K.L.:
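The structure under discussion is supplied below as structure tokens; questions concerning it will follow.
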Protein chains: 2
Amino acid sequence: MGEQGHGGARRAVQTWESLFRAQVTIMRRLQSDPVWDGVTLREYDVLFSLTKGPDEGMRLRDLNELILLSQPSLSRMVDRLASRGLVERRSAPDDARGTVVRLTPAGARVQRSVGRAHARAIATYVGGALDDDELATLQDLLERLRAAQASIPDVAPPAASDAGEDAPGA
Amino acid sequence: MGEQGHGGARRAVQTWESLFRAQVTIMRRLQSDPVWDGVTLREYDVLFSLTKGPDEGMRLRDLNELILLSQPSLSRMVDRLASRGLVERRSAPDDARGTVVRLTPAGARVQRSVGRAHARAIATYVGGALDDDELATLQDLLERLRAAQASIPDVAPPAASDAGEDAPGA
DNA sequence: GTAAGGTCGATGCGAACGCATCGACCGCTC
DNA sequence: GAGCGGTCGATGCGTTCGCATCGACCTTAC
């Protein structure tokens, strides 16, 4: 009753459930790691994301897309990180509204330190579960799953006018 | 320098990062779905988990393992759900300490309603990204990743004596 | 230029979170 | 069966979250 797109709906839901549960299970183990003394997992996520960006820093807006946190929450978290000396805020050179966040040397040091221990835990929990080929396959599929999101429109049309329910759009 | 277990550490870390990012990206889209009027995604997770258990209900302790939430937070969330009439708390028949939580008919109805819309969104975002074979492969790998956690010991030994860094253990 | 609409990030506020702790209860030992 | 360590779930408390909103600024149209 109603397969759509490529995959059947049922299989897609089951796969998402597996993805979600796997994430929960491993995340829970990672959180119990004593590494998080002094830095929350979400805070680490911010520090880590900053290392992936250019050295000049990142706009708050761009950083926010990488992190599962509302804009106000991220704003305040950056506040806290800045007051601890782990990041630096500056106003964007080309946009007076914008704020650029950058890791301080201390922040980079903390990120590396925590990241090392974090990586060790991941290697154990993820690397200990699947062999190298399987990891490569898994990573590839996840990467494509994520990349495909850019070309999939929202299920809920932003401005659904009462008429025209059947416009195929693009 | 230092491959361990099956997979290389590097690949494991990259795979986890992909898993995490994919989860963030899709979760963010799911959260923007208007379905969540009246029920939080975390609340839905509780309701959904209850449908997966026996009809008599589940112990709070067991429920807590399925959900990424601290024990006190789950306790209070169940309070709120109960005060809204979506779940029922009763004391466990064989353990006077324990509490059994069960869906009420109203709670089951809400779960089904939200679940339907939720499933539609997932079918779009996940089913629209990969074909059926790929989904099956992905699900299998994730399932095994999760299942393997039961037999992988914690990285941080509970009582790490200074000596004995190289005990291979099980 | 100036007005209108959109974007960026900060802030007030109530709700929800996690940590630490507690009382109640189970299971075990002696 | 009394005592003792461990488990279960509730509660006090400070912190952080998301929602709604705001001021500042950019952009486009006229």
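Keep in mind that this is a model prediction, so the values were computed, not measured. Sequence lines set the chain letters: A, B, ... in the order given, protein chains first and strands last, and positions in each chain run from 1.
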K.L.:
How many whole angstroms separate atom CD of B/Gln31 from atom C1' of D/dC17?
P.N.:
12 Å
K.L.:
What is the distance, to the nearest angstrom, from the CZ atom on A/Arg61 to the P atom on C/dA10?
P.N.:
14 Å
K.L.:
Once you round it to whole Å, what is the distance between C1' of C/dA16 and CG of B/Asp79?
P.N.:
13 Å
K.L.:
Under a 4.5 Å cut-off applied to non-hydrogen side-chain atoms, are A/Phe48 and A/Thr51 in contact?
P.N.:
yes
K.L.:
Would you mind reading off the distance between A/Arg59 atom CZ and C/dT7 atom P, rounded to a whole angstrom?
P.N.:
13 Å
K.L.:
Taking the side chain of A/Met77 as heavy atoms from C-beta outward, which of C/dC8, D/dC17, D/dA10 is closest to it?
P.N.:
D/dC17
K.L.:
Which residue is it: A/Leu142, A/Asp140, A/Leu141? I am looking for the one with a side-chain contact (heavy atoms from CB on, under 4.5 Å) to A/Leu138.
P.N.:
A/Leu142
K.L.:
Contact list please: residues 63-76 of chain A against DNA chain C, heavy atoms, distance less than 4.0 Å, in numerical order.
P.N.:
A/Gln71, A/Pro72, A/Ser75, A/Arg76
K.L.:
Of the options D/dT16, D/dC25, D/dG9, whose atoms approach the side-chain atoms of A/Arg80 most closely?
P.N.:
D/dT16
K.L.:
Between A/Asp131 and B/Arg11, does any NZ, NE, NH1 or NH2 come within less than 4.0 Å of an OD or OE carboxylate oxygen?
P.N.:
no
K.L.:
If we only count heavy atoms from C-beta on, is the B/Glu43 to B/Leu86 side-chain gap below 4.5 Å?
P.N.:
no
K.L.:
Taking atom types as modelled and ignoring hydrogens, do the side chains of A/Glu143 and B/Ser18 form a donor-acceptor contact shorter than 3.5 angstrom?
P.N.:
yes
K.L.:
Nearest whole angstrom, please: distance from the C1' of C/dG9 to the CG of A/Asp94.
P.N.:
15 Å
K.L.:
Do the non-hydrogen side-chain atoms of B/Leu47 and B/Val114 ever get within less than 4.5 Å of each other?
P.N.:
no
K.L.:
Whole angstrom is fine here: how far is it from CG in A/Leu60 over to C1' in D/dA24?
P.N.:
15 Å
K.L.:
For C/dA24, take OP1 and OP2 only and decide whether either is under 4.0 Å from a side-chain N or O of B/Arg97.
P.N.:
no
K.L.:
Could you tell me how far apart B/Leu41 (CG) and D/dG18 (C1') are, to the nearest whole angstrom?
P.N.:
14 Å
K.L.:
From C-beta outward on A/Asp95, which listed nucleotide comes closest to its side chain: D/dC25, C/dA10, D/dG9?
P.N.:
D/dC25
K.L.:
Take the protein atom CG of B/Leu81 and the nucleotide atom C1' of C/dA15, then report the distance between them rounded to whole Å.
P.N.:
14 Å
K.L.:
Would A/Ser49 and B/Arg21 count as having a side-chain donor-acceptor pair, cut-off 3.5 Å?
P.N.:
yes
